[in-house]
There are 2 protein chains.
Amino acid sequence: MAKTKDINTEKQILDAAKKVFQIKGMNGARMQEIADKAKINKAMLHYYYRSKDLLFEAVFKNAFALLAPQLNAILNDDSSIEEKVRNFTSNYISFIIKHPYLPTFIIQELNRNPEFILKMKDQKGFPNIEKFKKQVALEIKEGIIKPIKGEQLFINILALNIFPFVATPLVKAFANVDNKAFKQLMNDRKTEVADFIINSIKV
Amino acid sequence: MAKTKDINTEKQILDAAKKVFQIKGMNGARMQEIADKAKINKAMLHYYYRSKDLLFEAVFKNAFALLAPQLNAILNDDSSIEEKVRNFTSNYISFIIKHPYLPTFIIQELNRNPEFILKMKDQKGFPNIEKFKKQVALEIKEGIIKPIKGEQLFINILALNIFPFVATPLVKAFANVDNKAFKQLMNDRKTEVADFIINSIKV
DNA sequence: AAATGATTTAACTATTTGGTTAACAAATGT
DNA sequence: ACATTTGTTAACCAAATAGTTAAATCATTT
């Protein structure tokens with residue numbers, strides 16, 4: 001088998017496809033643009049990935065696999081709620097600053113095709129909230145935090161961390177800040193958001 | 001001028017275009033589908049709106065004009081921060097439950113074309129955060145609320161209210177709830193979110 | 001009721017785009 | 001060395017799709 005070259009092209013294609021799909025979405029992406037970016041012939045895309053749908057699926061799964069572990073950290077480790085909130089907020093925002101198109105891409109494509117999440121749910125490592133819910137209930141009982149439903153706290157954590165990156169143009173316009181000021185705000189949020197949450201739930 | 005019919009068709013087109021664009025986005029929408037939904041010939045779309053771009057623009061401006069007043073309420077009225085948070089949260093979530101595709105649509109299309117926001121900024125009634133920032137600073141000085149930057153508080157309010165509707169499929173999957181339970185969670189948030197915010201900032 | 005102008009339709013066009021094919025090149029096994 | 005498999009390309013194809021046109025119909029004015 002001639003394996004020397006193809007390993008490289010396959011990766012080149014996936015890298016190019018990532019960039020194009022994550023910025024333009026499934027509907028806005030063009031196979032030709034991906035080919036150009038990967039510096040190969042358009043036929044190669046089909047040689048390696050058969051169809052646009054399958055190439056997209058590869059990109060999507062890849063993106064999702066990058067995001068999921070971030071969530072599992074907060075859901076499944078053994079630290080306290082407060083520690084989890086602080087670690088997650090700091091880590092997650094650092095992570096997203098490195099991959100700014102990721103959350104928007106995933107959310108946009110799941111809205112376009114909500115059944116897609118079913119394929120993801122099957123794979124092991126899919127975030128599960130049950131342990132987190134129990135821990136919240138326990139810390140409430142122990143008087144460490146104020147009463148709140150685990151689901152709601154979890155949604156709040158996601159919302160505060162993810163939203164500004166998903167709605168960047170809107171937030172920039174409303175808050176009336178330029179690019180530089182926006183980045184500064186996001187950096188501040190690494191601790192701001194955690195404080196905001198802890199303030200709210202700590203007894 | 002024969003004005004009896006066209007007023008109706010024009011509205012029919014806009015209504016159909018709204019539905020299709022808001023669900024499928026600019027790139028996913030098809031002129032034929034809009035024509036079918038409006039029960040008219042495809043040529044009529046061009047007769048009234050010239051091009052797909054202009055029809056889209058009409059829909060987008062319309063959607064934005066629906067959302068903006070909701071924000072101006074919190075930014076510009078004279079109630080206290082606490083009252084604003086409570087009113088906005090309750091009103092906004094009720095509003096979005098009636099227009100579930102609106103925030104996703106606006107955010108998605110602004111990400112696709114960030115310059116679009118410039119056109120919106122020109123129009124009067126575009127939300128401005130300055131008054132809100134001053135009010136936050138004042139209430140901090142008066143010892144009513146804890147120190148927080150106005151921009152950050154504003155982002156947090158938006159995030160907690162809007163995010164679950166933008167990321168619905170993701171939230172449903174992670175929180176492991178079905179449609180009914182999700183709706184219940186959203187309903188609970190009308191007061192939950194306000195409490196969460198107030199808890200965090202109240203001295 | 002004829003003329004005029006606005007509205008509507010069916011058929012058509014040009015272009016874009018995902019996908020295919022067949023020939024060619026490079027690597028690998030024997 | 002040569003045959004076979006794998007990788008790559010250019011040219012092509014068919015379907016989808018935004019947009020056009022010219023004729024027909026409807027409403028309004030005189």
Side-chain angles (χ1 to χ4, degrees), chain A residues 1-63 105 108-109 112-113 115-116, chain B residues 1-63 105 108-109 112-113 115-116:
Chain A
M1 281 184 283
K3 277 277 176 185
T4 42
K5 293 174 127 194
D6 67 327
I7 285 173
N8 241 318
T9 16
E10 195 168 342
K11 195 183 177 313
Q12 273 169 7
I13 292 174
L14 201 67
D15 285 348
K18 249 187 227 177
K19 281 180 198 158
V20 176
F21 276 130
Q22 290 191 10
I23 291 175
K24 309 221 167 165
M26 171 69 175
N27 286 327
R30 297 289 161 253
M31 294 296 266
Q32 188 61 58
E33 192 183 346
I34 295 173
D36 292 348
K37 196 149 282 180
K39 283 172 190 157
I40 46 116
N41 190 287
K42 187 161 66 82
M44 294 296 283
L45 300 179
H46 294 95
Y47 181 75
Y48 282 100
Y49 291 92
R50 293 189 60 87
S51 70
K52 189 184 182 185
D53 277 321
L54 287 173
L55 177 54
F56 175 82
E57 198 173 310
V59 169
F60 187 87
K61 282 187 175 166
N62 218 286
F105 170 66
Q108 185 181 130
E109 296 302 326
R112 190 178 59 83
N113 191 358
E115 309 91 59
F116 228 82
Chain B
M1 281 183 281
K3 277 275 175 186
T4 40
K5 293 175 125 194
D6 68 325
I7 285 172
N8 239 317
T9 16
E10 197 167 340
K11 196 184 177 310
Q12 272 169 7
I13 291 174
L14 202 67
D15 285 349
K18 249 186 227 175
K19 283 181 197 159
V20 176
F21 276 130
Q22 290 192 11
I23 291 174
K24 311 220 166 163
M26 171 67 176
N27 287 326
R30 297 289 161 252
M31 294 296 265
Q32 188 59 60
E33 191 183 348
I34 296 173
D36 291 348
K37 196 150 282 181
K39 282 170 191 159
I40 45 116
N41 190 288
K42 186 162 65 82
M44 294 295 281
L45 299 179
H46 294 94
Y47 181 74
Y48 283 100
Y49 292 92
R50 293 189 62 89
S51 70
K52 190 183 181 184
D53 277 320
L54 287 173
L55 177 54
F56 175 81
E57 198 173 310
V59 169
F60 187 86
K61 283 188 175 164
N62 219 286
F105 170 67
Q108 186 180 129
E109 297 301 327
R112 189 178 60 83
N113 191 359
E115 308 92 61
F116 228 83

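Per chain, numbering begins at 1; letters A, B, ... match sequence-line order.
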Round to the nearest Å and state the distance from B/N27 atom CG to D/dA16 atom P. 18 Å
Just verifying a value: how many Å separate A/I40 CD1 and A/I13 CD1, rounded to the nearest 0.5 Å? 4.0 Å
Is there side-chain contact between A/L14 and A/Y48, with at least one heavy-atom pair below 4.5 Å? no
Looking at A/A29 and A/V20, what are the two nearest heavy atoms and their distance? CB-CG1, 3.7 Å
Measure CE/B/M44 against P/C/dA10 and give the value in whole Å, please. 12 Å
Heavy-atom check, side chain of A/E10 versus side chain of A/M44, under 4.5 Å: no
If you define the side chain from C-beta out and look only at heavy atoms, does anything of A/K37 sit under 4.5 Å from A/D15? no
Once you round to the nearest 0.5 Å, how far does CG of B/L55 lie from CD of B/E57? 10.5 Å
Give me the ring orientation class for B/F60 and B/F105: parallel if the planes are under 30° apart, tilted from 30 to 60°, perpendicular past 60°. tilted
From CD of B/E10 across to C1' of C/dT7 the rounded distance in Å is 12 Å
Rounding to a whole Å, what distance do you find between B/N8:CG and D/dC26:C1'? 15 Å
Going by heavy atoms in the side chains, are B/M31 and B/H46 under 4.5 Å from each other? yes
Rounding to 10°, can you tell me the angle the first-five-pair axis of the helix from C/dA1-D/dT30 to C/dT30-D/dA1 makes with its last-five-pair axis? 10°
Would you mind building the protein contact string for nucleotides 17-22 of chain D? One character per nucleotide, 5' to 3', B for base within reach (heavy atoms under 4.0 Å), S for sugar-phosphate only, - for untouched. SBBBB-
Short side-chain N/O contact from B/Y47 to OP1 or OP2 of C/dA6, under 4.0 Å: no
Please check the phosphate of C/dT8 (OP1 and OP2 only) for any side-chain N or O of B/T9 closer than 4.0 Å. yes
Can you list, by residue number, the residues of residues 56-63 of chain A that have a non-hydrogen atom closer than 4.0 angstrom to DNA chain C? none
Member of B/V59, B/D53, B/N113 meeting the side chain to side chain contact (heavy atoms under 4.5 Å, CB included) criterion with B/M26: B/D53
Check whether any side-chain heavy atom of A/E109 sits under 4.5 Å from a side-chain heavy atom of A/F21, and report yes or no. no
Let me know the distance between CD of A/E33 and P of C/dG18, rounded to the nearest Å. 10 Å
Is the closest side-chain donor-acceptor distance between A/Q32 and A/D36 under 3.5 Å? yes
